[in-house]
There are 2 protein chains.
Amino acid sequence: MPEPDLPAPKRRGRPPAGGREAILDATLALLHERGVARLTTREVAERAGVSDASVYYHYVDKAGLLRAVFEAGVAPLRTLSLAGLGEGEPREVMTALAEAIERFLDLTLPVIMAAQSDAELRESLAAYMQEEDLGPHRGVQALGRFISEQQQAGRMRDGIDPAGAAVLLVGACFLRSSQRQIMGKGTRSLPSLENVVATLDDLLAA
Amino acid sequence: MPEPDLPAPKRRGRPPAGGREAILDATLALLHERGVARLTTREVAERAGVSDASVYYHYVDKAGLLRAVFEAGVAPLRTLSLAGLGEGEPREVMTALAEAIERFLDLTLPVIMAAQSDAELRESLAAYMQEEDLGPHRGVQALGRFISEQQQAGRMRDGIDPAGAAVLLVGACFLRSSQRQIMGKGTRSLPSLENVVATLDDLLAA
DNA sequence: GTCTATAGGTTGATAGAC
DNA sequence: GTCTATCAACCTATAGAC
């Protein structure tokens, strides 16, 4: 399992053929176009410009390939909750956070949903996310902390459960992003993100 | 395509073998166990206790079978928004609605997510939901109306966008149900539904 | 409407040379 | 690390009898 990948192997130009990454990219692209159910290693190899055997050399088997794609797809989750959320008007901060959440949900949700179509993959992904402590609760915690701070600073009403309020916003983002993916873009019947944030901001205003 | 099904074909006991329904049930069960990617008509037939050919006789092809399952799985959506939401304390009404939403999301979400794994099925389901005007906006509208009424009755604060507030709660339900399905039940790190409803109730209280 | 039997076509995965 | 060639397994769908 040639997995190191971390200490960038020193090389002048691109790797011999960039096979490993090309395979990953091709898989991700085909995942969007066809969905997992119709994803074949043959087509992955063809699009990546490598042979069938290369796919197996790098990722052992099809499940291994998909696991790699999922882990790469979920990776952005790790970068989200760490941001300090910065300073500024509550409404601006919440807008920025909500936009960030929706932006990466649009990227990772397709991959997460794809994993739901195979019991083995679903468990594999669930285990990975549990080990790495990834999931929606990260966003909830981050936003919850922010709300709590604002309350203590007297800029938001007191007596409101920060985590409870946080789930409301994160959930709205999740719903909006999911709807985009499931129903296509043609459905505009959900309030805009701006509207949602404004509503919560009104509700929380001191 | 023997689809009528509506005027129950008069018969004393059960149909000759109950084939049609048995196939549908078996498909749904296998969908949960294995996921679409590993669903085969062979196994469906075996579990339903019929032959392979029967499956094709009733549902034309595999896609037709899955479409039937999806339409059946999404059906509960239709019954949701029609309920009058009844009378009672806002918090009780919202709790009841939120519980109802989560309950049927737990049922329909697996099916909806399964459809995401095949581009053709995804579009088919999206088209169906669009035609029948199904989707999260139904719940949002229902709750939005309720909030609007409560505002006019002076039982909830004024100046808050009803639809915006509604998305917050529906989104939270959606997030909680999704998390249950994706990460398994072992993850308790999201606030309870009771907590979420209570928070929104506090926020909206006049 | 339900069955048996089978055709026809993919697919995941391996072997072994380079 | 990458290729060509190939297998064995499996799956969807159809034909035709009952």
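Below, read A as the first sequence line, B as the second, and so on, with proteins coming before strands; counting in each chain starts at 1.
- Taking atom CZ on B:R38 and atom P on C:dT11, their separation rounds to 16 Å, with Å as the unit.
- Relative to the side chain of B:S51, the nucleotides C:dT4, D:dG1, D:dT12 differ in distance, and C:dT4 lies closest.
- Side chains of A:Q116 and B:P110 form no contact here, defined as non-hydrogen atoms less than 4.5 Å apart.
- By the 4.5 Å heavy-atom criterion applied to side chains, A:V111 and A:L28 are counted as neighbours.
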Under 3.5 Å, N/O pairs linking protein and nucleotides 8-10 of chain D:
none

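- Here C:dT2 presents its P atom at 7 Å from OH of B:Y57, a figure rounded to the nearest Å.
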Using a cut-off of under 3.5 Å, enumerate the N/O to N/O pairs linking the protein to nucleotides 14-18 of chain C.
none

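- If you take OH of B:Y59 and C1' of C:dT2, they are 15 Å apart, rounded to a whole angstrom.
- Looking at heavy-atom distances under 4.0 Å, B:L65 makes no contact with the nucleic acid at all.
- The phosphate of D:dT12 has OP1 or OP2 within less than 4.0 Å of a side-chain N or O from B:T41.
- Within a 6.0 Å sphere centred on CD of B:E194, heavy atoms belonging to other residues, nucleotides or ligands number 12 at most.
- At least one side-chain nitrogen or oxygen of A:S54 sits closer than 4.0 Å to the OP1 or OP2 atom of D:dC3.
- Counting any heavy atom pair closer than 4.0 Å across all strands shown, A:I23 reaches no nucleic acid atom.
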Salt bridge (charged side-chain N to carboxylate O under 4.0 Å, His left out) assessment of B:R180 paired with B:D106: CA-CA 8 Å; B:R180 268 195 294 276; B:D106 285 344; 3.3 Å; yes

